[in-house]
2 protein chains.
Amino acid sequence: MNPQKKSSPPVRKTFHHGNLRKALLEAGIELARDGGPQAVVLREATRRAGVAPNAAYRHFSSHGELLQAVRAAAISLLARAMETEIAAVPRSKRLAESARQVFRAVGRGYLKFALNESGLFRTAFSVADPVEDDADAAKTGRSGLNPFQLLARALDRLVSTGVLPQSRRAGAEYLAWSAVHGLAYLIIEGPLSGASDKEIRALSERVLKMVENGL
Amino acid sequence: MNPQKKSSPPVRKTFHHGNLRKALLEAGIELARDGGPQAVVLREATRRAGVAPNAAYRHFSSHGELLQAVRAAAISLLARAMETEIAAVPRSKRLAESARQVFRAVGRGYLKFALNESGLFRTAFSVADPVEDDADAAKTGRSGLNPFQLLARALDRLVSTGVLPQSRRAGAEYLAWSAVHGLAYLIIEGPLSGASDKEIRALSERVLKMVENGL
DNA sequence: CTGGAATGTGTACGGCGTCCACACCAACGT
DNA sequence: ACGTTGGTGTGGACGCCGTACACATTCCAG
């Protein structure tokens, strides 16, 4: 048969690919990165892996399952971006101040990721919501933490340092998440998509402040 | 007008349809209503209009253009839902109180629509953002007002009644919109999709309060 | 060594968006 | 009255997509 059909990478010596599942996942992630969820096309992923379309079905029972895997990976990458932002927070002696800074870093990381990786961000939050698999997440990113858990931790810290009264803790994740996610949307798909970085940064700070004050 | 077009067999007496553009748009809206943007399939719309697939190209230059028209209609319907909610606000003597009520009604209308018409809501806010055409909007819904303008009015009222200081008016639309839109997302596609009506109503009130306090 | 179990291939089907050539029909100017 | 013209709908075809079924190749356990 045809020894090859593309050229650049997908020449494969062995009949078996080695780790096709991973290759397809990574191709899918790349597709999602520039193009969003719509761009995650099963046949294109197999093409990039240098393999026949149906080979994908040995590893994903359907296109939707591949998309879910990509989605889980995107969520994992988002969590990593948030962790990175948290790690960059200057350590402060004052615990309360520190907790506040971490809380803000969580929001900033979320928004930065939405802005810099809008394709992956949109993929992460498109489609339905089967709770992300920690097993899959562990394969791609390494952290077992998802964005929701990171936010919950930051809020717990706010409570334990006395910044946020315990009585307002319940459900606070949803208030904070709502505001930040909504802003992310406005920025990447909504009417703020043409805004300058400066404006965006300013608005981000205001939203975060609004959340702190109104939580 | 048209002798028929609705009956089970979409048999058409005349060769010309009469108002195919409108029929396609309405079919598209129906498709979006249950199924979201993904479900707006050109061929299916033509089927429902009882017409050959290519007939659509006399009225929409591409599938995307049909989708945009449906999207504009969905936005218009959202605006109507918000207006309805505003109209239901009890008139109060105290202007400040009234302004606050209207502001909340804007948020409630938005969230109610997201909940009750999630397909249309998702359609309204999927895809890119070419400013909605007032001409198209006028054809479907009657109001020339879009959700953004309704929100802006409510905020203006808050300022003129002294509830919101003028200094915080600029950009306030985006803060409010972020929070409410984010909550809408969490409810219809996110981790709150399984929540009860009671929980949702409670969270909605908290978000609105958060916005008022933190604006 | 051998015979399944994994894994990848080939072929085919129906659905989609879209292009092109053609058929139909209404309205208008002569 | 009529013929032309241009807007409107039809028919067929193309290339993409996701997916099903049968088959080929390879790996590994007994």
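These numbers come from a predicted model, not from an experiment. Here is how names work: the chains are called A, B, and so on, in the same order as the sequence lines, proteins then strands, and each is numbered from 1.
- Scored by the side-chain hydrogen bond (donor to acceptor under 3.5 Å, both in side chains) test, B/Y110 finds B/W177, B/H181 as partners (sequence neighbours excluded).
- By the 4.0 Å N-to-carboxylate-O rule, B/E83 lies too far from B/R80 to be salt-bridged with it.
- Computed from coordinates, the A/K22 NZ to C/dT7 C1' distance equals 18 Å when rounded to whole Å.
- As rounded to whole Å, 17 Å separates atom P of D/dG7 from atom CG of B/N19.
- Between D/dC17 and A/R47, a contact under 4.0 Å exists linking OP1 or OP2 to a side-chain N or O.
- Dashed line: the shortest gap from a side-chain N or O of A/H59 to OP1 or OP2 of C/dG8 is under 4.0 Å.
- In this structure A/R104 satisfies the salt bridge (Lys or Arg N to Asp or Glu O under 4.0 Å) test together with A/E205, A/E212, sequence neighbours excluded.
- Atom C1' of nucleotide C/dT18 and atom CZ of B/F60 are separated by 16 Å, given to the nearest angstrom.
- For B/R33, the salt bridge (Lys or Arg N to Asp or Glu O under 4.0 Å) partners two or more places apart in sequence, or in a different chain, are B/E30, B/E117.
- Nucleotide D/dC17 holds its C1' atom 14 Å from the CG atom of A/L66, rounded to whole Å.
- Look at B/Y57 and you'll find a side-chain N or O under 4.0 angstrom from OP1 or OP2 of C/dT18.
- Rounded to whole Å, atom C1' of C/dC25 lies 15 Å from atom CG of B/L20.
- One atom, CG of B/L67, and another, C1' of C/dG17, lie 13 Å apart when rounded to the nearest Å.
- Partners of A/S196 under the side chain to side chain contact (heavy atoms under 4.5 Å, CB included) rule, at least two apart in sequence or in another chain, are A/K198, A/E199.
- One interatomic measurement links the two molecules: NE2 of A/H63 to C1' of C/dC16, which rounds to 14 Å at whole-angstrom precision.
- Taken residue by residue, residues 34-46 of chain A places heavy atoms nearer than 4.0 Å to DNA chain D at A/V41, A/L42, A/R43.
- In this structure A/R43 satisfies the side-chain hydrogen bond (donor to acceptor under 3.5 Å, both in side chains) test with no other residue, sequence neighbours excluded.
- Atom CZ of B/R58 is separated from atom C1' of C/dC24 by 12 Å (rounded to the nearest Å).
- Considering OG of A/S118 and CD of A/E189, their distance stands at 8.5 Å, rounded to 0.5 Å.
- A donor and an acceptor atom sit less than 3.5 Å apart, one in the side chain of B/N54 and one in the base of D/dG12.
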